[in-house]
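For ligands, and for the atoms within them, numbers begin at 1 and follow the listed sequence. Position 1 is the first residue of the sequence; numbering continues from there.
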Amino acid sequence: MNIMQAWVIGNWKQQPATLQAVDELLDSVIKRLPNGDVPLCNTMVIPCHVHLPAANSKLTNTSVALGAQDICAFSAETGAFTGDCSAAQVRDAGADWVLVGHSERRQYYGEDNDILLKKLRNALSQQLGVIFCIGETKAQYDSEQTLQVLEDQLSVIQRIISEHASESNNEANLAERLIIAYEPVWAIGTGKVPTVEEVTATHSHIKQVIKQYAGAAGELDNLCVLYGGSVNADNAAIFAQADSVDGALVGGASLNAESFLAIAEAFSAAKASNVQ
Ligand code: PEP
């Protein structure tokens, strides 16, 4: 049986405060990794840009992948964009992945579909994988607009898929470099979570929509869709047992090595029980 590995990804946001604390957190993660990895579950951490080189040195020769929290929309390499880091620069600093479309970027920096499309193109042009975040606000959830909102956000992926389909043989590549994270905005950092039935239905819809975009080629049939929003060591197993949940994007709980790896272990155990 060809079983897809789960992903558990820690988005550290603007934390920890110091390089020393980054070192300590990574040492703690590495020390706790049983036999160097978590079976059937990939792990990744996403520190802020200035901490990427140090994290990269620590994580070399470990199974923990490294991502960046953002890239410049306007240039994939270099340019006059004060304060921004490009896809090429974060890649050079050691990142293999980048978060695009996180709700905090959408909310505080006004990032819309046009900007996110540019970021996706830049990431892919530099061979970065993308964790593309989507999710509805509480008001949208309450007025039952969730699926409509997600489809609008996923239209960016539709554009990327059609651009890649026109460049010969690139879609297989896309399947390896694209992860979708469904994160209801109202669940991020709040301790509130949707029911597992709601997440299951939403993930199935996301997979179906992407499948339609990809068409007959079928390379995105096994798209990895993560759940994010107040995942912790206590509730991870509930989400992990849902077939359509391929892992978790974790904020607060990823700043503690023990809880981060407990979440990874929960997904590992769920995958292992599927193999049996
Ligand atoms: C996030 O910011 O992507 C996130 C899921 O945060 P938290 O786990 O803290 O809700």
Give a yes/no on ligand 1: does Ala248 have at least one heavy atom closer than 4.0 angstrom to it? no
Any atom of ligand 1 sitting under 4.0 Å from a heavy atom of Ala253? no
Among the clusters formed by ILVMFWY side chains lying less than 4.5 Å apart, do Val8 and Val225 turn up in the same one? yes
Do the side chains of Lys119 and Asp70 get close enough for a salt bridge, i.e. N-O under 4.0 angstrom? yes
Where ligand 1 meets Gly189 - atom numbers and elements under 4.0 angstrom, heavy-atom basis: 7 (P), 9 (O), 10 (O)
Polar contact flag for Gly229 and ligand 1 (N/O pairs, less than 3.5 Å): no
Of all protein heavy atoms, the one nearest atom 2 (O) of ligand 1 is Lys13 NZ, 2.5 Å
Among all protein non-hydrogen atoms, which one is nearest to atom 5 (C) of ligand 1, and what is the separation to 0.1 Å? Glu183 OE2, 3.0 Å
Salt-bridged, Lys118 to Asp114, with N to O below 4.0 Å? no
Heavy-atom nearest neighbour in the protein, as seen from atom 1 (C) of ligand 1, with distance rounded to 0.1 Å: His102 NE2, 3.3 Å
Look at Arg106 together with Glu111 and state whether they make a salt bridge at an N to O cut-off of under 4.0 Å. no
To the nearest 0.5 Å, atom NZ of Lys138 lies from atom OG1 of Thr190 at 10.0 Å
Going by atom type alone, with no hydrogens or angles, which donor-acceptor pairs under 3.5 Å involve a side-chain atom of residues 20-28 and a protein atom two or more places apart or on another chain?
residue, atom, partner, partner atom, Å
Gln20, NE2, Glu24, OE2, 3.0
Asp27, OD1, Lys58, NZ, 2.9
Ser28, OG, Arg32, NH1, 2.7

Top protein contact for atom 9 (O) of ligand 1, by heavy-atom distance: Gly252 N, 2.9 Å
Sequence neighbours excluded, the answer for side chain to side chain contact (heavy atoms under 4.5 Å, CB included) partners of Gln15 is Lys13, Leu255
Sub-4.0 Å atoms of ligand 1 with respect to non-hydrogen atoms of Ala187: 10 (O)
Short N/O distance, under 3.5 Å, between Ser230 and ligand 1? yes
Which segment of Asn11 sits under 4.0 Å of ligand 1 when only heavy atoms are counted: side chain
Any N or O of Gly251 closer than 3.5 Å to N or O of ligand 1: yes
Nearest atoms (heavy-atom pairs only) where Gly10 meets Phe260: N-CE1, 3.5 Å
